Amino acid sequence: MQRFTLSIDLSHLQMHGPVLFAIGMLLGTLWYFSIDFEPNLLLLILGTLGLSALLFWVRQKSAFGVARIGLVIALGASFGAGAGSFASARVQTITIAQETGPVWVEGWIERALPADRGARLELRVHAIDGLATENTPKHIRLTHILDLKTEPGRFVRCWSVLRPPPAPVLADDYGFDRQAWYMGLGAVGYVQGRCRGATLGRPGGILERVKNWISVTRRQLARYVKQHAGDRAGGFAAALVSGDRSFMTMTDQEALRGAGLAHLLAISGLHMGIVGGLVFLLTWRVLALIEPVALRVNVKKPAAAAALFACLVYLVISGASVSTQRAFIMATVLFGAVLIDRTALSLRSLAIAMILILTLLPWSVVTPGFQMSFAATGALIATYERWQRRLREQAFIRRSRLLFWVQGLIVTSTVSGFATMPFALYHFGRVAGLGLAANLMAMPIVSLISAPAATAALVLAPIGLHRWALRAFGLSLEAVLSVAHVFAEILPDDQMSVSQMPSESAALLSFGIILFCLIRRPIRAWAFTAALSCLAIVYWSVSFVPQVHWAPSGDVYVELDHGQVLHKPLKDGAGLPPLRLSDHPLDDVCVSQSACEIELGLARVSFSPDAQSIRLTSSRDRSTDRHPSSPIEISWTDVQSENGISYALRNGRFRKIRKLPCGRRPWRPCAPGGDAPIRTSE
């Protein structure tokens with residue numbers, strides 16, 4: 001009987017061992033951050049060593065096959081889980097145990113970030129009134145509502161209220177407390193009044209002084225670019241150059257997000273690729289014109305070294321966020337491949353970049369930026385490899401360069417849009433309906449005008465002729481903003497809100513993207529990806545259930561259907577709303593507060609006249625028992641103590657949605673009086 005032939009060519013996979021190991025690391029780190037307990041690091045290390053020995057033995061005894069594929073993936077998974085556990089063990093973040101304040105907080109402003117109201121300040125703490133040094137967080141984030149009268153790099157005193165980084169309000173919401181733990185943020189809060197400058201001066205220590213100088217330089221650069229790029233797009237230009245978004249208006253940011261152009265704001269692979277690519281191309285072409293150098297040296301190598309240096313400078317100037325660090329590692333792998341005479345853009349280089357990032361920054365695996373960037377890059381590499389193979393087969397056909405460039409732009413926007421769509425649906429419950437069209441109009445402006453103008457400004461800065469280039473940079477970005485506003489206003493809500501995609505559907509779509517990258521034959525690749533996508537969509541459509549969420553912010557959210565959410569502000573709480581639902585506008589769902597009800601088929605949500613509680617009344621969806629079940633009363637006091645309460649309507653009955661327990665992971669300690677004590681690293 002003829003043996004079944006795998007769709008994935010094993011001889012092809014043998015050349016991509018790093019790809020299999022990277023896939024395993026991806027699975028291992030995702031497993032580590034999804035469980036509700038802390039695994040034993042020693043057992044993970046022993047498992048990694050044992051799998052390494054077994055893989056070495058199998059490699060000596062047998063040819064490359066399914067067994068070795070499984071062992072490589074298992075080894076990567078064990079190593080990835082160990083990397084996550086080791087990162088948690090080495091991170092030392094001191095977190096405050098409970099709400100504190102108002103108290104005096106002293107520290108240096110590291111950066112100012114935009115907020116819905118005012119700005120968010122990240123402070124490197126010097127002292128907090130009433131806290132001992134060993135219990136004082138090293139970094140905190142404060143919301144500053146009034147006009148900011150000071151600058152990053154300055155020492156300030158702020159009269160502030162502090163809280164521990166909040167845990168997710170919903171069970172499947174974004175884990176800000178986990179991200180804050182790895183970022184070193186030990187508290188968040190708000191300023192009562194205005195932060196005022198103090199006289200302590202610069203921090204001590206060489207490293208701290210360097211960080212302070214970088215913060216001051218970034219702010220000065222952002223202000224200078226804003227001034228010379230023009231009033232309309234100066235804030236946008238400053239954000240692209242320095243990563244400082246505080247000069248941008250919220251209207252422009254919302255327009256970019258609604259048009260599917262928000263990726264331009266994140267200093268990530270696109271920006272690092274443009275900076276490194278332009279420096280590489282210019283250096284390569286200039287050195288090629290110098291005959292003695294071109295005849296004796298492979299000019300691509302010094303060009304790659306210059307591009308690496310440019311990327312390093314951009315990493316420092318832009319603030320070195322997690323997404324920028326990830327982009328720099330990918331750029332290092334890309335240009336490093338040129339230095340050692342390897343293929344720069346390939347699945348192997350992408351896998352090496354993923355391995356390095358998951359080893360150094362394992363917590364980034366659960367962030368949208370990591371997932372979107374690698375999904376888009378992998379899909380594009382696989383697409384262009386097939387495209388180049390087809391072009392080689394049709395080498396005799398002459399093609400217009402302009403036509404080829406237009407085709408490349410369309411293919412890039414389409415493939416990257418479809419590759420990142422599952423993660424946008426999973427994390428944000430929305431997708432920009434006209435994002436493809438907006439990118440097709442905006443990206444040529446960015447690639448052909450904005451990037452060369454910014455490069456010209458950098459080159460001409462030493463001789464003082466950079467202002468006209470900055471102005472051209474600003475004018476091009478004004479055109480990009482115009483495109484964003486037009487597409488954001490075409491539909492009432494172009495970011496088409498939908499119910500959040502379940503993790504099972506997201507996993508199926510992610511597996512489809514991986515198969516699309518690995519399968520050599522295009523028809524089979526598209527077939528497998530389409531089949532898994534259809535299965536994920538079907539599961540998503542049948543798995544939706546109505547839900548009711550009462551957040552510690554006081555807002556009540558009722559999910560009626562896919563994407564239809566009623567938002568009613570009931571109390572003025574001090575907590576946070578669910579991040580994935582907070583953008584839904586307020587709804588006038590009740591004519592009068594005394595008779596306020598929301599119908600959910602046979603169930604309903606009733607609000608008390610004093611706004612102190614809500615009642616959930618349901619009927620059992622059974623042929624033998626259609627009597628209403630006992631109403632469920634939810635009080636505002638319980639919502640505050642449990643950091644939000646959620647119920648799902650399943651089979652005609654409301655069932656409470658359980659959240660991950662506290663005290664089992666280092667980034668999620670229990671509140672005082674909870675089931676477990678507060679744990680901090682000292």
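Since this is a predicted model, take the numbers as computed values, not measurements.
- Ser447 contributes no side-chain N or O that, together with a main-chain N or O of Pro444, makes up a donor-acceptor pair within less than 3.5 Å.
- Arg285 is not listed as a side-chain neighbour of Val299, based on a closest heavy-atom distance of 4.5 Å or more.
- Salt-bridge formation is not detected for the pair Glu110/Arg218: no Lys NZ or Arg NE/NH1/NH2 atom is positioned less than 4.0 Å from an Asp or Glu carboxylate oxygen.
- Of the inter-residue distances, the one linking Ile514 atom CD1 with Ile23 atom CD1 reads 5.0 Å to the nearest 0.5 angstrom.
- Under the 3.5 Å distance criterion, the side-chain polar atoms of Thr529 are matched with a main-chain donor or acceptor of Gly512.
- Atom OG1 of Thr412 sits about 10.5 Å away from atom CG of Asn439, to the nearest 0.5 Å.
- In this structure, Met248 CE and Leu481 CG are separated by 6.0 Å, a value rounded to the nearest 0.5 Å.
- The nearest pair of heavy atoms linking Ala112 to Pro152 is N-CG, 4.3 Å.
- Remark: the backbone N or O of Ile109 is not paired with any side-chain donor or acceptor of Glu122 at under 3.5 angstrom.
- For the atom pair CG of Leu477 and CG of Leu240, the computed distance is 5.5 Å after rounding to the nearest 0.5 Å.
- Side chain to side chain, Tyr182 and Ser88 meet the donor-acceptor criterion of an N or O pair below 3.5 Å.
- When side chains are defined from C-beta on, Tyr384 does not count as touching Val415, because their heavy atoms never get closer than 4.5 Å.
- In terms of modelled atom types and a separation under 3.5 Å, the side chain of Arg471 and the main chain of Ala229 share a donor-acceptor contact.
- When atom types are taken as modelled, the side chain of Thr359 and the backbone of Ile355 share a donor-acceptor pair closer than 3.5 angstrom.
- Using a 4.5 Å cut-off on side-chain heavy atoms (C-beta onward), Thr414 and Phe418 make contact.
- Between Leu470 and Tyr224, some side-chain heavy-atom pair lies under the 4.5 Å cut-off.
- Here Gln253 pairs with nothing under the side-chain hydrogen bond (donor to acceptor under 3.5 Å, both in side chains) rule; sequence neighbours left out.
- Of the possible donor and acceptor atoms, one in the side chain of Ser476 sits under 3.5 Å from a partner among the backbone N and O of Phe473.
- In this structure, the side chains of Lys300 and Phe280 come closer than 4.5 Å at one or more pairs of heavy atoms.
- At distances below 3.5 Å, not a single donor-acceptor pair connects side-chain atoms of Ser242 with backbone N or O atoms of Ala239.
- The backbone N or O of Thr48 lies less than 3.5 Å from a partner atom in the side chain of Ser78, making a donor-acceptor pair.
- Using a 4.5 Å cut-off on side-chain heavy atoms (C-beta onward), Leu509 and Met421 make no contact.
- The side-chain heavy atoms of Met354 and Phe370, taken from C-beta on, include a pair separated by under 4.5 Å.
- Once rounded to the nearest 0.5 Å, the distance linking CG of Leu460 with OG1 of Thr455 reads 10.5 Å.
- In this structure, the side chain of Thr29 engages the main chain of Leu26 through a donor-acceptor pair within 3.5 Å.
- When atom types are taken as modelled, the side chain of Thr93 and the backbone of Trp181 share a donor-acceptor pair closer than 3.5 angstrom.
- For Ala81 against Tyr32, the heavy-atom pair with the smallest separation is O-CD1, 4.0 Å.
- For the atom pair CD1 of Ile329 and CD1 of Ile352, the computed distance is 12.5 Å after rounding to the nearest 0.5 Å.
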